[in-house]
Each structure stands twice: as structure tokens, then as C-alpha cells.
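Predicted model only: the values in this text are computed from it and were never measured. Sequence lines set the chain letters: A, B, ... in the order given, protein chains first and strands last, and positions in each chain run from 1.
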Number of protein chains: 2
Amino acid sequence: MTDRPAAPGRSGYHHGDLRNALTRAATALAREGGPQAVVLRAAARATGVSPTAAYRHFRGQGDLLRAVKFEALARLADRMEAAGADHPGADGESVVARLRSAGRAYVRFALDEPGLFRAAFSHHPDPTASMGGARSEVPSAAEEFCPEAGAWDDRAFRLLSDVMDALLDAGLLAPERRPGAEVSAWAAVHGVAMLLLDGPLSHLSSAQAETAIVRTVDDMLRGILEAPSGETHGT
Amino acid sequence: MTDRPAAPGRSGYHHGDLRNALTRAATALAREGGPQAVVLRAAARATGVSPTAAYRHFRGQGDLLRAVKFEALARLADRMEAAGADHPGADGESVVARLRSAGRAYVRFALDEPGLFRAAFSHHPDPTASMGGARSEVPSAAEEFCPEAGAWDDRAFRLLSDVMDALLDAGLLAPERRPGAEVSAWAAVHGVAMLLLDGPLSHLSSAQAETAIVRTVDDMLRGILEAPSGETHGT
DNA sequence: CTTACATGTTGACGCTGTACACATCTTTCT
DNA sequence: AGAAAGATGTGTACAGCGTCAACATGTAAG
């Protein structure tokens with residue numbers, strides 16, 4: 001009676017919001033240390049709870065990591081949306097500025113929060129897979145966020161698609177080049193982020209990194225927006 | 001007397017080539033299972049050797065993983081070089097074909113050998129770091145390959161640089177755009193590979209993936225090669 | 001009030017990375 | 001040649017991890 005079951009207040013034995021508390025703790029672990037630091041027992045310890053208690057809310061460590069992954073993706077989307085909101089116009093210049101700003105926010109997030117970024121794009125082999133029978137288990141964290149497996153059409157992707165649509169409306173993007181334009185843009189930004197983080201560019205100074213980012217975004221933007229005059233085409 | 005100490009033959013007690021044997025075993029582990037599957041004890045077991053024997057040749061598990069990383073990077077470079085050798089010409093068309101071919105080889109490697117590719121770009125916190133004293137330990141695997149820490153100016157990067165130089169010589173790349181051109185190209189290819197592997201494009205069919213790859217490479221190539229007419233520039 | 005369920009606890013198992021002490025093979029010095 | 005020195009591999013041990021099974025404790029439904 002002191003607190004409702006769904007309320008985050010704790011009543012001594014029952015925590016009341018363990019799932020989110022564990023996700024928070026695990027995310028904090030990933031924040032410093034990356035996906036490797038997401039260790040179930042540590043998260044439980046930080047939450048003041050027994051390790052096996054986590055199994056009431058997650059299928060296991062892999063599932064916990066998956067929750068962290070979606071959490072990290074959400075924060076990444078937050079940053080991108082916030083950056084895009086600075087340029088709300090529909091004219092060509094504003095849309096391009098919005099795209100550029102979102103791209104910079106993407107890479108900036110990767111460099112500011114390397115642990116979360118790495119967790120967001122970490123790979124984990126299917127936990128508790130290859131089962132052909134009962135499914136009355138815990139919801140598995142993936143089904144919490146997206147109805148379809150594998151297709152995390154989350155806010156970041158939608159934001160990118162919207163910007164591309166705006167580019168189309170502004171007449172800067174040729175209609176026949178519209179489909180698939182998100183892929184190129186995303187790939188360039190994601191690639192430079194990864195190379196700066198764990199790749200051959202990891203030793204660059206901040207200034208050099210900024211140059212590399214701007215350069216990559218500029219190049220890709222030019223390639224996407226370039227009017228189709230028909231040249232430099234091989235196969 | 002039956003075999004020389006440096007020869008790979010085994011003499012019962014001393015293995016003779018344990019370091020490479022362990023690296024091979026660990027690489028095989030990474031090949032299926034990615035960096036997470038690189039477990040020291042398993043590699044030792046596969047080599048028929050005690051777990052602690054590995055510590056004579058590696059600083060620990062992280063160091064072993066690092067060796068796998070360099071091995072994977074070397075194999076990636078192999079593929080790129082092999083692909084580039086199909087178009088050896090110095091004329092513009094050949095150079096562009098070479099660049100495109102190398103890029104496709106890059107992504108193809110990522111999709112063919114996801115475990116190795118993930119290991120090649122895996123991140124590990126410095127093992128046995130924050131020590132301020134003696135350094136008479138095992139050479140640490142990183143110093144085996146590159147003299148300078150962090151700067152793995154390996155064959156893949158060199159190949160890309162050479163192609164960019166060739167583009168410059170062929171008159172397809174404006175000289176003021178030469179510096180940093182590798183970054184954009186690499187970022188696009190690496191990004192699309194990662195997105196196809198662990199990102200939002202992981203559920204694409206092979207045909208769709210191929211389309212995405214070609215599209216990304218085309219866009220980036222266009223952006224890099226586009227003659228500097230001075231447009232679509234913000235800041 | 002009692003029964004069923006959800007949620008958290010304790011204990012245990014096998015696995016991992018790693019440190020320490022010891023054994024054995026190889027080389028080198030006298 | 002023989003002995004000391006070093007390199008290389010073995011065995012044992014410990015803490016920490018993920019996970020399972022059995023049990024305890026709250027909460028809700030009849």
C-alpha cells in the first residue's frame with residue numbers, strides 16, 4: 001500500500017522497476033568500457049540485487065546487452081534530432097544544413113560516447129536460439145522495441161529518410177536517385193565514425209578528425225546531390 | 001637433433017612454432033564467432049598445449065586478440081590487392097575500375113568473413129597498461145607489426161593511397177582535393193560494410209546488398225572525382 | 001483466508017583469464 | 001665435456017563470469 005507495483009519506488013523485497021534499473025546500470029557500464037563491460041553480475045550488483053534476479057527480466061547477458069544496444073541507439077537518435085532541429089527550414093539550404101548537422105551529430109556522438117556507440121553497433125550471436133518449442137519465456141528485449149526482428153527502423157533512420165525526402169522536394173536530389181540515398185549518407189557517416197574510433201584514423205587529433213569528418217560529409221553530399229549529367233560511370 | 005628449434009616441427013615438449021600456431025588457432029576461432037570467440041584456453045586446447053603456455057608468447061587474451069586483429073587486417077589487404085590486380089592500367093578508366101574493385105572486395109570480405117572482419121575492427125582496452133616501470137615483458141603483438149603504436153599504415157591503406165595518386169596522375173582528381181581523399185573513400189566502404197553486417201541493413205537480401213554497395217561506391221566516387229566548380233558548399 | 005503467481009535469494013556447476021611455483025629442453029660459458 | 005643460465009611448457013589455484021535448479025517471499029485473485 002505504500003507504493004503501487006508499477007511505481008519505481010522500492011518496497012524492500014520487490015524492487016518495482018528492476019528491468020529499467022538493470023538497463024540503466026548496464027548502460028552505465030557500457031558507457032565506460034563498451035559492450036565488453038556489460039556484465040550481468042556487475043549490473044545486478046550496482047542495482048543491489050541478486051545476479052539471478054536479472055533472469056526474471058532478461059533472457060541472459062546477451063539479452064541485457066541488446067537492451068543496452070537499443071538504449072544507445074535511442075540516445076544517438078536523440079542527438080541527431082536535436083542537431084537537426086537547429087535547421088528546421090524546408091528550403092534547399094536549410095535541408096542541406098540539417099543533413100550536415102545530423103551527420104556531424106552522429107560522429108560527435110561516436111567520439112563523445114565511444115562505449116555507447118560501440119554497444120549500439122555491437123554484434124551478439126542469438127542467445128537462446130535454435131529452440132523449436134515453447135516460447136513462454138521473457139519477451140527477449142528485441143521484441144520490446146521493434147515488432148519485426150532485424151529491422152530496427154528507428155528514429156535515426158526515419159530522420160534520415162525525412163531529410164532525403166526534403167532534399168527531393170527542394171529539387172536538390174534527382175528523383176531517380178532518391179531510393180537508396182539514405183544508405184550512402186549513412187554509410188559515409190558511420191564509416192568515418194568507426195575509422196576514427198577503432199580504425200586507422202584513431203590517432204588523429206581533434207582538429208584533424210574534424211577535418212576528416214567535414215571532408216567525408218562534403219564528398220558524400222556532393223556525390224548524392226550531383227545533377228545526373230552522366231559521366232564517370234563504369235559498369 | 002631431430003629438428004631445429006626454429007623449425008615448425010614439434011619435438012614433444014617444445015612446440016617450435018607455438019606463437020604462430022596459437023595465432024592460427026585463435027584466428028580460426030574468430031573466423032566463426034567473431035572477436036568474442038577468441039578465448040585463450042580454447043586456442044591452447046586446439047593447439048594441444050597448456051593454457052599458461054600462451055603467456056610465453058602473448059601478454060594475455062587481449063594480446064592474442066590483437067594478433068588475430070592484425071592477421072585479419074592482413075587477409076583483408078590480400079583480398080583488396082588481389083582484386084586491384086585485375087585492373088593494372090594507369091589510364092583513368094583502369095584506375096577507377098581498380099578503386100571500385102578494391103572497394104567491392106572490401107565489402108565482400110566483410111560479408112564473406114564476418115567473424116574476421118569484426119575482429120579486424122574490434123576494440124580492446126589496453127591490456128597490461130598503466131604500468132610505469134619495467135618493460136622486459138613479451139613484445140605485445142602490436143610492436144610485432146607496426147613500429148609506431150596506433151598507426152597501422154598497413155597494405156590496405158597504402159593501396160588506397162596509391163590508387164588516389166593514380167587518380168591524381170590521370171587527371172580525374174583535382175590536386176587540392178587529393179589530401180584526405182582516402183578517408184572519404186574508406187569511410188564509405190567501411191560504413192556500408194558495417195551497416196550490412198551489424199547495422200540497419202543486416203536483413204537485406206544478397207541482391208539488395210549488392211545494390212546498396214554499388215550505390216554507395218558510386219555516390220562517393222562521384223563526390224570525390226567531381227570537378228571543383230564551386231557549388232553546394234555551406235561553411 | 002487461502003491459493004496461485006510474480007519476483008527475488010541462495011547455492012552450485014563449468015567455464016574463463018591469470019598468477020605462482022615447478023619441470024624440462026636448449027644454449028652458452030668455462 | 002660438464003655446469004650454469006635461459007627459454008619454454010606444465011600443474012595447481014583463485015577469483016569472477018554466465019547460468020541452472022530449488023527455495024523464499026511478497027502480491028493478487030478466488
Side-chain angles (χ1 to χ4, degrees), chain A residues 1-22 25-26 29 33 35-66 124-129 131 136-140, chain B residues 1-22 25-26 29 33 35-66 124-129 131 136-140:
Chain A
M1 206 222 229
T2 50
D3 43 13
R4 282 88 74 223
R10 54 173 59 210
S11 68
Y13 196 93
H14 279 19
H15 184 282
D17 194 30
L18 224 195
R19 157 124 208 171
N20 289 67
L22 282 173
L29 287 177
Q36 303 229 350
V38 175
V39 40
L40 190 144
R41 291 178 102 112
R45 211 177 303 134
T47 318
V49 129
S50 191
T52 50
Y55 283 80
R56 300 293 175 193
H57 303 271
F58 300 96
R59 285 211 225 231
Q61 189 265 350
D63 204 33
L64 179 61
L65 210 176
R66 189 127 69 188
H124 38 235
D126 233 336
T128 327
M131 290 278 296
S136 61
E137 308 250 349
V138 158
S140 140
Chain B
M1 207 222 231
T2 49
D3 42 15
R4 284 86 73 222
R10 54 174 59 210
S11 68
Y13 196 93
H14 279 19
H15 184 279
D17 195 29
L18 225 196
R19 157 126 208 167
N20 289 68
L22 282 173
L29 287 177
Q36 302 231 348
V38 175
V39 44
L40 190 144
R41 290 177 103 113
R45 212 178 301 134
T47 317
V49 129
S50 191
T52 50
Y55 283 80
R56 301 291 176 195
H57 303 271
F58 300 95
R59 284 211 224 230
Q61 190 266 351
D63 203 34
L64 179 62
L65 211 175
R66 189 125 72 187
H124 39 235
D126 231 336
T128 328
M131 289 278 297
S136 61
E137 309 250 346
V138 158
S140 143

Query raised in the report: Starting at CG of B:Asp17 and ending at P of C:dC25, how long is that distance when rounded to a whole Å?
Result: 19 Å
Query - Whole angstrom value for the distance that separates C1' of C:dT16 from CG of B:Leu64 - result: 14 Å
**Report entry** Pairwise distance CZ(B:Phe58) to CG(B:Leu40) - rounded to 0.5 angstrom
**Finding:** 8.5 Å
Query - Within 6.0 Å of CD in B:Gln61, more than 12 heavy atoms from elsewhere - result: yes
Query - Length of the line joining A:Arg45:CZ and D:dA15:P, which is rounded to integer Å - result: 14 Å
**Report entry** Gap between atoms NE2 and C1', on B:His57 and D:dT10 respectively (whole Å)
**Finding:** 13 Å
Report task. Could you tell me the separation between the CD atom of B:Gln36 and the C1' atom of C:dT16, rounded to a whole number of Å? Result -> 13 Å
Query - Closest non-hydrogen atom pair between B:Leu64 and B:Ala43, with its separation - result: CD2-CB, 4.2 Å
Kindly give the atom pairs (protein nitrogen or oxygen, nucleotide nitrogen or oxygen) under 3.5 Å for nucleotides 18-21 of chain C.
unit_1	atom_1	unit_2	atom_2	d
C:dT18	OP2	B:Tyr55	OH	2.9
C:dT18	OP2	B:Gln61	N	2.8
C:dT18	O5'	B:Tyr55	OH	3.0
C:dT18	O4	B:Arg41	NH1	3.2

Query raised in the report: Tell me: CG of A:Leu18 to C1' of C:dT9, nearest whole Å?
Result: 12 Å
**Report entry** Separation of atom CG in B:Leu22 from atom P in D:dT8, rounded to whole Å
**Finding:** 13 Å
Query raised in the report: Roughly, in whole Å, what's the span from CZ in B:Arg66 to P in C:dG17?
Result: 17 Å
Query - Rounded distance [0.5 Å steps], CG in A:Leu22 versus NE2 in A:His57 - result: 7.0 Å
Report task. Return yes if some donor-acceptor pair links the side-chain N/O of A:Arg41 with the main-chain N/O of A:Pro51 below 3.5 Å, else return no. Result -> no
Report task. Could you grab the distance from atom CD of B:Gln36 to atom CD of A:Gln36, nearest 0.5 Å is fine? Result -> 6.0 Å
